[in-house]
There are 2 protein chains.
Amino acid sequence: MTAFFFHGYALNAVDAKNRLSVPSGYRDTNEKRSGEKQLIVGPAERAPCLVGYDVLRFERLQAQLNERFAGNYSDERDDFARDAFGLNESLPYDETGRIILSPSLKFTSGIDKLAFFIAAGDYFEIWHPQRLIEHKGATSPAGRIVQQLLDARK
Amino acid sequence: MTAFFFHGYALNAVDAKNRLSVPSGYRDTNEKRSGEKQLIVGPAERAPCLVGYDVLRFERLQAQLNERFAGNYSDERDDFARDAFGLNESLPYDETGRIILSPSLKFTSGIDKLAFFIAAGDYFEIWHPQRLIEHKGATSPAGRIVQQLLDARK
DNA sequence: TTGTTACCCATCAAATCCCATGGTAACGCT
DNA sequence: AGCGTTACCATGGGATTTGATGGGTAACAA
């Protein structure tokens with residue numbers, strides 16, 4: 001089968017009910033990849049943002065677990081499994097394509113009123129716009145885009 | 001077929017009758033995995049918390065026993081079987097999704113008023129919140145989440 | 001009897017659904 | 001190219017449903 005990749009970016013608003021529209025293109029990609037109207041979202045490991053995947057992520061994680069630890073249980077394996085499955089949330093989106101950000105996701109990402117989506121093929125990141133600029137630099141490719149989108153919102 | 005995994009986390013209260021709501025998502029996963037409205041819960045081997053599984057756990061344990069000891073009885077096999085089947089309790093949950101924690105489970109886990117659920121794919125852990133922070137560290141991924149949820153409860 | 005377990009019902013807040021609006025990009029006709 | 005129409009998407013608000021939790025009481029067992 002053909003592989004489908006997340007691509008593009010978007011700056012969307014988080015409303016008073018913590019709802020956030022997932023970019024339409026991402027939803028298409030997601031549904032082609034997994035057939036599900038839900039995403040897996042959790043804290044990123046190496047950056048202060050969130051990461052989103054299709055639901056097949058859990059199966060890939062399970063495969064990683066088997067490959068890395070085989071049937072041998074240990075504290076290390078426990079920690080890996082806990083972080084992998086425990087910290088990632090399964091977020092279904094409604095007909096209008098919105099997910100609800102839990103307090104934890106908002107807290108760990110710093111996201112409050114605006115969320116910047118940027119794709120990366122197999123997954124995509126969700127950033128607090130200002131934080132991306134601080135983290136990646138205002139002159140980085142992503143930083144420029146964010147700044148530009150922020151300016152466009154007056 | 002698709003595999004179903006436990007995922008996500010929750011901080012729930014234990015009431016005066018020792019009742020504890022199993023997170024809705026875990027119940028869904030459990031029922032998809034086993035078709036039963038009950039869980040297997042017992043002390044964790046490597047951490048001071050509880051572990052929960054779907055009821056198929058007993059069958060998997062039996063398979064492990066057969067594979068590992070192949071019908072040869074020994075002290076080692078007895079110990080394994082005793083721990084596996086003896087220490088785990090089968091806990092049915094009611095229509096509102098609550099299990100009742102036995103005194104043993106409360107004692108070995110230290111859980112009293114609050115219980116923190118965190119998933120790990122094939123199983124999930126249930127912790128005394130403060131104990132998780134002490135055991136895993138306040139800055140560990142899970143530790144942060146717990147602290148945050150505790151703070152959110154005023 | 002005394003404490004536990006199993007139902008039942010009540011409540012509050014959070015999550016979900018449904019409908020509505022405004023903006024904009026795509027399209028097609030002249 | 002210019003213009004208007006259409007379609008889709010992000011977003012807001014209200015109403016409904018679901019989930020977590022507390023409390024009462026009858027059935028049961030030690």
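In what follows, chains are A, B, ... by sequence order, proteins preceding strands, each numbered from 1. Just so it is clear, the values below take in all heavy atoms, side chains as well, and ignore hydrogens, waters and symmetry mates.
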Is it the case that the side chain of B:R98 and the backbone of B:L20 share a donor-acceptor pair, with hydrogens and angles ignored and the cut-off at 3.5 Å? no
Over 60° means perpendicular and under 30° means parallel, so tell me whether A:Y26 and A:F124 are parallel, tilted or perpendicular. tilted
What integer distance in Å separates [X]:[atom1] from [N]:[atom2]?
X: A:D15; N: C:dT16; atom1: CG; atom2: P; value: 13 Å
X: B:N12; N: C:dC12; atom1: CG; atom2: C1'; value: 15 Å
X: B:R98; N: C:dT4; atom1: CZ; atom2: C1'; value: 15 Å
X: B:R19; N: C:dC7; atom1: CZ; atom2: C1'; value: 10 Å
X: A:N18; N: C:dA15; atom1: CG; atom2: P; value: 8 Å
X: A:Q38; N: C:dT16; atom1: CD; atom2: P; value: 11 Å
X: B:I100; N: C:dA6; atom1: CD1; atom2: C1'; value: 8 Å
X: B:L149; N: C:dA14; atom1: CG; atom2: P; value: 14 Å

Flag the pair A:D79 and B:K136 as a salt bridge only when some basic side-chain nitrogen lies within less than 4.0 angstrom of an acidic carboxylate oxygen. yes
Determine, stepwise, if the pair B:E89 / B:L105 fulfils side-chain contact (heavy atoms from CB on, under 4.5 Å). CA-CA 9 Å; B:E89 303 181 28; B:L105 293 177; 3.5 Å; yes
Before we go on, tell me: are the rings of A:F117 and A:Y9 under 6.0 Å apart, centre to centre? no
For the aromatic rings, using the six-membered ring if either is Trp, is the centroid distance between B:F58 and B:F85 under 6.0 Å? yes
To check you understand the geometry: which heavy-atom pair defines the closest contact between A:A81 and B:Y123, and what is its length? CB-OH, 4.1 Å
What is the 5' to 3' range of DNA chain D, first to last nucleotide, that sits under 4.0 Å from any heavy atom of chain B? D:dG19 to D:dT25
Select base, sugar-phosphate, or nothing to describe what A:V22 touches, counting heavy atoms under 4.0 Å on all strands. sugar-phosphate
Please work out if A:S21 contacts a base, only the sugar-phosphate, or nothing of the nucleic acid, heavy-atom cut-off 4.0 Å. base
Against the side chain of B:K17, the closest entry in C:dC17, C:dC8, C:dC7 is C:dC7
Residue whose nearest DNA chain C nucleotide is more 5′ - A:T96 or A:P92: A:P92
